[in-house]
Amino acid sequence: MNVSELSEQEVLRRKSLQALKDMGIDPYPAAEYVVTAYSKDIKAEFKDDAPQREVTVAGRIMLRRIMGKASFMELQDSKGRIQIYISRDEICPDENKDMYNVVFKKLLDIGDFVGIKGYVFRTQMGEISVHAQELTVLGKSLRPLPIVKYKDGVAYDSFDDPELRYRQRCVDLVVNDGVKDIFLKRSRIIKSLRDQLDAAGYTEVETPTLQSLAGGAAARPFITHHNTLDVDLYLRIATELYLKRLIVGGFEGVFEIGKNFRNEGMDKTHNPEFTCMELYVQYKDYNWMMNFTEKLLENICIAANGCSETKVGDNVISFKAPYKRISILDAIKEKTGYDLEGKSEDEIRAICKELKMEVEPSMGKGKLIDEIFGEFCEGTFIQPTFITDYPVEMSPLTKMHRSKPGLTERFELMVNGKELANAYSELNDPIDQMERFQEQLRLSQKGDDEAMFIDHDFVRALEYGMPPTSGIGIGIDRLTMLLTGQTTIQEVLFFPQMKPEKKAQAKEETNE
RNA sequence: GACUCAGUAGCUCAGCUGGUAGAGCAACAGACUCUUAAUCUGUGGGUCCAGGGUUCGAUCCCCUGCUGGGUCACCA
């Protein structure tokens, strides 16, 4: 990079870096710096009448208030911030005052990492702080951070351009209060989920991400190429068909938490790669799965938020089990007044017309029902609600309903007007499965580019025999959104997908 | 993909339908030994997203493109 391209402040910081080296101070020391305390804990554990506590803390300088021969700074470590008091004669007991006058006052900047050895005290204004006795440079920052100031919990000049925040998430995490908390909570959510599945005796597994056939869901896949085999491969759109093969193989329960990839649109609730948890348990049905799911989610909510409620926008959502259960046809009857039970495709099409919906001739009965639900019902279920018994046309991997013809043993869990989970009593009849795949093929030939392919290998697995099984998929990103009160998926992904930065790319190419 | 809004200093933003740009914070120089959005004095910092067009003259008007936001469509 050419120095002339650097901003004034970047040039100055590089000069400070050199000045530190010239003084014999390594701006990037190699040795371990032994930290004995963290900001948050120091404040929580402080007692005014306790004996003086010696601590060593380390972190990033976020604010400096220099007042001649003494100064305050705010140090940010992994748990929060703590104020540091530095007096010149304390860190420079000898005649040489360079460590304070030159290093601290001139060569260090906001964003630099330092270590502070000192003791904990309370200032005259009442703030618990560390009185520095030793200052160590731990890492020089050459690029100025955005300065966000906080007073009484209110942020001033916050760094809030979404493009910059998502492209440079590291900066967002450093300067914007609360961003890190979302991701810490995401981690707790996944841990709680994993712990509960583990406690239930189920096995966490990993199945292929590169698949020669992208099955298990209706979605356009990403295609890639394997050179050695000279074949095109797909990035998986679901883990379903491989996990069921493991059920065939004799596992009691298997689950996988991992990324799926769908080559589709991006918006507030869709990212091309997203995280799903899929679970399959032998000898269970979808009724059992509803019971299991509502307890699972209640516990996750408590693990994340300390209670079984969460607030998203103006809605307070309770994850306390049990959840309301209603069949999709009853839901439609409730919201639109139309009873679709036993109606033919043409009759339903006529109802769509009465409801002033735009429908296409290629849509079959199941698709029409789904459209009505999506249009008039889906958004109205704010509290967790199991929508059950979907039409067979939309559910090629689901067992037929034990008593309702044309419907399947499937549920989707709606929360805050969005699908959070999708589950079935899994279809384990290989002949029926083959016929369903063939029906998908017919849809595909009619122009449905999301119809599933026939997976002969999966059918062969079913032919060896799969026990009755229930399975579920839960969208982890959406669950995290709900439990952290976020309304866009970008806020719960560290690095949401964005278009490449054109300028930066061009620059790098000219450098090579 | 459609419509719409936006892009100005390191950050957050002003900028009068046209005359080559301002503030706060940050930075720099100085003062200050309990400050906390520290304060006080002074200084520097700009490819006004890019490329065309109109004009004597464009940050501003027009066109195209890039990037992002919002709404809608797509995503069972």
Side-chain angles (χ1 to χ4, degrees), chain A residues 5-13 15-16 62-74 81-90 100 105-106 109-111 121-127 129 131 141-168 171 175-176 217-220 237 262-272 274 328 358 363-364 366-371 373-374 378 387 390-391 393-396 398 410 412 419 422 443 448-452 488 490 496 498-506:
Chain A
E5 289 170 3
L6 296 175
S7 71
E8 180 193 27
Q9 294 190 42
E10 287 173 303
V11 172
L12 283 164
R13 286 186 178 216
K15 284 183 182 162
S16 298
M62 295 306 287
L63 269 184
R64 292 195 300 168
R65 294 183 280 275
I66 295 173
M67 313 164 302
K69 300 182 186 65
S71 302
F72 289 92
M73 65 176 169
E74 279 178 32
R81 287 187 184 188
I82 188 150
Q83 182 173 261
I84 309 290
Y85 175 75
I86 298 189
S87 79
R88 186 192 67 182
D89 297 335
E90 199 93 28
Y100 183 80
K105 280 173 74 173
K106 300 289 175 194
D109 292 290
I110 288 175
F121 77 116
R122 189 189 284 276
T123 66
Q124 285 170 16
M125 296 301 289
E127 179 151 349
S129 308
H131 191 124
S141 158
L142 295 182
R143 196 178 276 266
L145 285 169
I147 308 295
V148 181
K149 299 205 173 185
Y150 296 93
K151 181 176 175 141
D152 304 327
V154 181
Y156 295 81
D157 296 330
S158 62
F159 176 65
D160 56 8
D161 178 343
E163 176 172 9
L164 289 175
R165 286 186 52 225
Y166 301 152
R167 284 200 196 282
Q168 301 191 47
V171 175
V175 305
N176 283 333
R220 281 188 290 272
I237 56 174
R262 297 187 184 178
N263 206 342
E264 289 164 349
M266 294 157 57
D267 60 28
K268 298 168 87 158
T269 52
H270 297 85
N271 194 65
F274 60 101
I328 187 167
E358 287 177 28
M363 290 177 178
K367 180 77 179 162
L368 290 171
I369 291 173
D370 195 65
E371 287 288 316
F373 181 80
E378 183 167 341
I387 308 297
Y390 283 68
E393 293 88 343
M394 327 270 332
S395 314
T398 314
R410 169 180 181 179
E412 288 194 355
E419 174 192 347
N422 181 19
L443 288 173
D448 184 345
D449 59 354
E450 289 183 341
M452 292 182 193
T488 69
Q490 285 84 1
M498 302 190 81
K499 287 193 193 178
E501 269 181 290
K502 290 225 162 171
K503 268 188 189 171
Q505 259 183 357

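The chains referred to below are lettered A, B, ... by the order of the sequence lines, with proteins before strands, and numbering in each begins at 1.
Here B/C28 presents its P atom at 11 Å from CD1 of A/Ile147, a figure rounded to the nearest Å. Rounding to whole angstrom units, CG of residue A/Asp109 and C1' of B/A26 are separated by 10 Å. Taking atom CZ of residue A/Arg165 and atom C1' of nucleotide B/C11, one finds them 14 Å apart after rounding to whole Å. With rounding to whole Å, A/Asp157 atom CG is found 10 Å from B/A26 atom P. In this entry the distance linking CD of A/Glu10 with C1' of B/G45 reads 13 Å, nearest Å. A/Leu6 has its CG atom 16 Å from the C1' atom of B/G46, to the nearest Å. As rounded to whole Å, 4 Å separates atom C1' of B/A27 from atom CD of A/Gln9. In this structure, A/Met62 atom CE and B/A37 atom C1' are separated by 14 Å, rounded to whole Å.
B/A23 is paired with B/U12 under the Watson-Crick or G-U wobble criterion, all donor-acceptor distances under 3.5 Å. With a cut-off of 3.5 Å on both Watson-Crick or G-U wobble distances, the partner of B/C28 is given as B/G42. Pair check for B/U67 finds B/A6; Watson-Crick or G-U wobble, both atom distances under 3.5 Å. When both pairing distances are held under 3.5 Å, B/A73 makes no Watson-Crick or G-U pair with any nucleotide shown. Pairing partner, B/U35: none, since no Watson-Crick or wobble contact has both distances short of 3.5 Å.
To the nearest 0.5 angstrom, A/Ile86 atom CD1 is 12.0 Å from A/Arg65 atom CZ. Here the CD-CZ distance, from A/Glu74 to A/Arg81, works out to 5.5 Å after rounding to the nearest 0.5 Å. Put simply, CD1 on A/Ile237 and CG on A/Asn263 are 11.0 Å apart, with the number rounded to the nearest 0.5 Å. Note that the CE atom of A/Met73 and the CD atom of A/Gln83 stand 10.5 Å from one another [nearest 0.5 Å].
With hydrogens and angles ignored, no donor-acceptor pair closer than 3.5 Å exists between the side chain of A/Glu8 and the base of B/A27.
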Enumerate the protein-to-nucleotides 68-73 of chain B contacts in which both atoms are nitrogen or oxygen and the separation is below 3.5 Å.
| from | atom 1 | to | atom 2 | distance (Å) |
| --- | --- | --- | --- | --- |
| B/G68 | OP1 | A/Arg167 | NH2 | 3.4 |
| B/G68 | OP1 | A/Lys499 | N | 3.0 |
| B/G68 | O4' | A/Glu163 | OE1 | 3.1 |
| B/U71 | OP1 | A/Lys268 | NZ | 3.4 |

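Using a 4.5 Å cut-off on side-chain heavy atoms (C-beta onward), A/Met62 and A/Val148 make no contact. Side-chain contact between A/Val171 and A/Pro146: present, with at least one pair of heavy atoms (C-beta onward) separated by less than 4.5 Å. Considering only heavy atoms from C-beta on, A/Arg13 comes within 4.5 Å of A/Pro144 through its side chain.
Comparing B/U59 with B/A2, their P atoms sit 30 Å apart, to the nearest whole Å. Rounded to whole Å, the separation between the C1' atoms of B/C60 and B/G42 comes to 33 Å. Between the C1' atoms of B/U33 and B/U39, the separation comes to 15 Å (whole Å). Between B/A58 and B/G52, the two P atoms lie 12 Å apart (nearest whole Å). Taking the C1' atom of each, B/G46 and B/C63 are spaced 26 Å apart, rounded to whole Å. Remark: the separation of the C1' atoms in B/A23 and B/U64 is 34 Å, to the nearest Å. To the nearest whole angstrom, the two P atoms, one in B/C48 and one in B/A9, are 10 Å apart. A gap of 25 Å separates the C1' atoms of B/A6 and B/C74, to the nearest Å.
Candidate nucleotides B/C25, B/C11, B/A37 were compared by shortest atom distance to the side chain of A/Phe159, and B/C11 ranks first. Comparing B/G30, B/A38, B/U12 against the side chain of A/Asp160 picks out B/U12 as the nearest.
Side-chain nitrogen and oxygen atoms of A/Lys15 include none within less than 4.0 Å of the OP1 or OP2 phosphate oxygen of B/C28.
Among the heavy atoms of the strands lying under 4.0 Å from A/Lys106 are primed sugar atoms or P, OP1, OP2 only; no base atom is included.
Glycosidic torsion of B/U20 falls within 90° of 0, placing the base in syn.
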Each nucleotide in nucleotides 31-36 of chain B should get exactly one letter: B, S or -. Can you fill that in based on protein heavy atoms under 4.0 Å? -BBBBB

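Here the shortest heavy-atom pairing between A/Met266 and A/Pro272 reads CG-CD, 3.6 Å.
Side-chain atoms of A/His270 and A/Glu264 form no donor-acceptor pair, as typed in the model, at a separation below 3.5 Å. Side-chain contact annotation: A/Ser395 with A/Arg410, donor-acceptor N/O pair under 3.5 Å present.
The aromatic rings of A/Phe373 and A/Tyr390 sit perpendicular to each other, their planes meeting at more than 60°, with 30° as the lower class boundary.
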